[in-house]
Amino acid sequence: MTEPVSVAVPRKGRPLEAALERFAAVGGDDAAALADDVSSTLRYEKAVTKGSQSADSGVYDRLAAYSDPDGGGAEYTLIRDDRESHPRRVVFDSAVVDVDGTPVRLVGREEPFRALRTHEFALGVDSADLVLEEVVSLRPDGVSDLSAVNARIDPRDTDVRVVTGLGDTVYHTLMARPELLPSGAELDRSFVAEYDGDLCISPRYERLVEAVIGTDALDGVDFVYPDDGVEEEAAIADVGLGVYLTVTGGTAREHGLVLGDDLFPSETVVLENQAEATAETDALREALAVGVDTAISAD
């Protein structure tokens, strides 16, 4: 039997679902059935962890019932969730799918991008945000597309590059109270460049926002963060200006905020460690990138 091509994927959440959906699209009915089974299982387990769903059996009994180590199904494992009391949570561990006759082993990792950086894998799937947060260099001008992201990765720092997005697009979007904008002004990067004052963001996105907007435009801007328990749009409304992820912007409008530029698409992306590439991983990379409806593509 051909040795499977290993691909690092997230253990849970939207990026894992995006990865499973993409492999379902290129892997046929068995891969689609696997994707549905894993997604429904993990959504149920997330609800149990959050306390919105009750389980009829213990976590180890559920883990044994879900896992299929000898068959073609998925295997799961347990991690400590970061919610209060740190409950054990069932997450994805591994599964094998077929893509054009090639077996592919999806391997769950807490941080797939970092697993590629340490040369454990040639291919992986993770959030584009992590690339911006970790390896994209900060420059006076910002970035808005994939070509700029890959161009700003120092080859002395990592061999990992972004191949394509997977289409699960939400955007890092500028938001502001309308009274902050002069009559006729556009809420865009040029507005931020002329602005002096506080800009509200989530703490983990400081470097990302610096990379996306650019250091010149942020001269005179001070980052502030939402207090614990305060939702981001409410905190931005209190501050006046901020950046947050949005799909429709409905919640932001409920807080009286104007939506400005979509600064950068936050998608799940296919990543490649070019130093570890083989003929098999090249073929799989190409298959994953064909026909994706993405805001960030290699073309």
Side-chain (Y195) to main-chain (D198) donor-acceptor, under 3.5 angstrom:
yes
Taking the side chain as every heavy atom from C-beta outward, state whether V59 and L63 have any atom pair closer than 4.5 Å.
no
Taking all non-hydrogen atoms of both residues into account, name the closest pair between P265 and T169 and its distance.
CB-CG2, 3.8 Å
We want to know whether E272 and T281 form a side-chain donor-acceptor pair, criterion being a heavy-atom distance below 3.5 angstrom.
no
Inspect the surroundings of CD in E186 and state if more than 12 heavy atoms from other residues, nucleotides or ligands are less than 6.0 Å away.
no
Taking R62 first and then E45, would you say they form a salt bridge - that is, a charged N and a carboxylate O separated by under 4.0 Å?
yes
Using the rule given for side chain to side chain contact (heavy atoms under 4.5 Å, CB included), can you reason through Q274 versus R161, listing the C-alpha separation, both sets of side-chain angles and the distance that settles it, and then say yes or no?
CA-CA 7 Å; Q274 297 175 331; R161 297 295 183 273; 3.5 Å; yes
Counting neighbours of CD on E179 that are heavy atoms of other residues, nucleotides or ligands and sit closer than 6.0 Å, is the number greater than 12?
yes
Determine whether more than 12 heavy atoms belonging to other residues, nucleotides or ligands lie under 6.0 Å from atom CG of D219.
no
Closest non-hydrogen contact found for G167 with V292 is N-CG1, 4.2 Å
With distance as the sole test, does R189 use its side chain to make a donor-acceptor pair with the main-chain N or O of D261 at under 3.5 Å?
no
Start with the C-alpha distance between L241 and F191, add both sets of side-chain angles, then the distance that settles side chain to side chain contact (heavy atoms under 4.5 Å, CB included), and finish with yes or no.
CA-CA 11 Å; L241 180 67; F191 174 84; 4.2 Å; yes
After noting the C-alpha distance and the side-chain angles of S67 and E75, does the key distance pass the side-chain hydrogen bond (donor to acceptor under 3.5 Å, both in side chains) rule?
CA-CA 4 Å; S67 294; E75 295 182 56; 5.9 Å; no
Quickly, which of E133, E232, E134 forms a salt bridge (charged side-chain N to carboxylate O under 4.0 Å, His left out) with R204? Name it, please.
E133
Do V125 and V269 come within less than 4.5 Å of each other through their side chains, counting heavy atoms only?
no
Any chance CG of D216 has more than 12 other-residue heavy atoms, nucleotides or ligands included, within less than 6.0 Å?
yes
Using the rule that two of Ile, Leu, Val, Met, Phe, Trp, Tyr join whenever any of their side-chain heavy atoms come within less than 4.5 Å, decide whether V131 and V170 are in one cluster.
yes
Other residues, nucleotides, ligands: >12 heavy atoms within 6.0 Å of D188 CG
yes
The single option from L20, L16, V96 that satisfies side chain to side chain contact (heavy atoms under 4.5 Å, CB included) with L106 is L20
Compare all side-chain heavy atoms of L166 with those of V270 and state whether any distance is below 4.5 angstrom.
yes
Kindly say whether A237 contributes a backbone atom to a donor-acceptor pair with the side chain of R177 at under 3.5 angstrom?
yes
Between atom CG of L116 and atom CD of E111, what is the distance when rounded to the nearest 0.5 Å?
12.5 Å
Applying salt bridge (Lys or Arg N to Asp or Glu O under 4.0 Å) to R43 and E17, what does each step give before you reach the verdict?
CA-CA 10 Å; R43 286 175 186 173; E17 291 196 4; 2.7 Å; yes
Minimal non-hydrogen separation, L245 against S266, with atom names
CD2-CB, 3.6 Å
Between R207 and D129, is there a salt bridge with N-O shorter than 4.0 Å?
no
Does I213 share a hydrophobic cluster with V258, counting links as ILVMFWY side-chain heavy atoms below 4.5 Å and allowing steps through other members?
yes
If you measure only the distance, is there a donor-acceptor pair under 3.5 Å linking the side chains of H119 and E276?
yes
So, S40 side chain and D37 main chain: donor-acceptor pair closer than 3.5 Å or not?
yes
Side chains of Y244 and H172: closer than 4.5 Å at any heavy-atom pair?
no
Establish whether Y66 and Y60 are linked, either directly or via other cluster members, by ILVMFWY side-chain heavy-atom contacts under 4.5 Å.
yes
Answer whether the closest heavy-atom distance between the side chains of T41 and F92 falls below 4.5 Å.
no
Given side chains that start at C-beta, do those of V104 and P4 come closer than 4.5 Å, heavy atoms only?
no
OG of S39 to CD of E21: how many Å apart, nearest 0.5 Å?
6.5 Å
Does L138 share a hydrophobic cluster with L218, counting links as ILVMFWY side-chain heavy atoms below 4.5 Å and allowing steps through other members?
no
Does a salt bridge link D154 with R156, judged by any charged N lying under 4.0 Å from a carboxylate O?
yes
Any side-chain heavy-atom pair from V90 and L78 closer than 4.5 angstrom?
yes
Heavy-atom closest contact (V5 atom, L284 atom, distance):
CG1-CD2, 4.0 Å
Of the non-hydrogen atoms in T294 and E267, which two are nearest, and what is the gap between them?
OG1-OE1, 2.7 Å
Salt bridge (charged side-chain N to carboxylate O under 4.0 Å, His left out) partner of R117, chosen from D126, D157, D159:
D157
Could you walk me through whether N273 and F121 pass side chain to side chain contact (heavy atoms under 4.5 Å, CB included), step by step?
CA-CA 7 Å; N273 186 313; F121 298 86; over 6 Å; no
Rounded to the nearest 0.5 Å, what's the gap from OH on Y171 to CG on L263? Could you check?
11.0 Å
If you take all heavy atoms of P10 and P112, which pair is closest and at what distance?
N-CG, 3.5 Å
Is a donor on one side and an acceptor on the other found under 3.5 Å between the side chain of T164 and the backbone of A289?
no
Flag yes if V209 and V224 sit in one hydrophobic cluster, no otherwise; membership is Ile, Leu, Val, Met, Phe, Trp, Tyr, and two members link when side-chain heavy atoms are under 4.5 Å apart.
no
Under 3.5 Å: donor-acceptor pair, side chain of R11, backbone of V91
no
Y225: which of V239, I201, V230 passes side chain to side chain contact (heavy atoms under 4.5 Å, CB included)
I201
Would you mind checking if E120 and R109 are paired as a salt bridge, meaning a charged N to carboxylate O distance below 4.0 Å?
yes
Is there a side chain to side chain contact (heavy atoms under 4.5 Å, CB included) between D196 and V221 once you walk through the steps?
CA-CA 5 Å; D196 290 328; V221 170; 5.7 Å; no
Using side chain to side chain contact (heavy atoms under 4.5 Å, CB included) as the criterion, point out the one residue from L288, D100, D98, V97 that pairs with V26.
L288
Answer whether the closest heavy-atom distance between the side chains of V7 and V9 falls below 4.5 Å.
yes
If only atom types and distance count, is the side chain of D222 paired as donor or acceptor with the main-chain N or O of G197 below 3.5 Å?
no
side-chain hydrogen bond (donor to acceptor under 3.5 Å, both in side chains), that's the test. Do E280 and T102 meet it? Break it down for me.
CA-CA 8 Å; E280 290 78 12; T102 298; over 6 Å; no
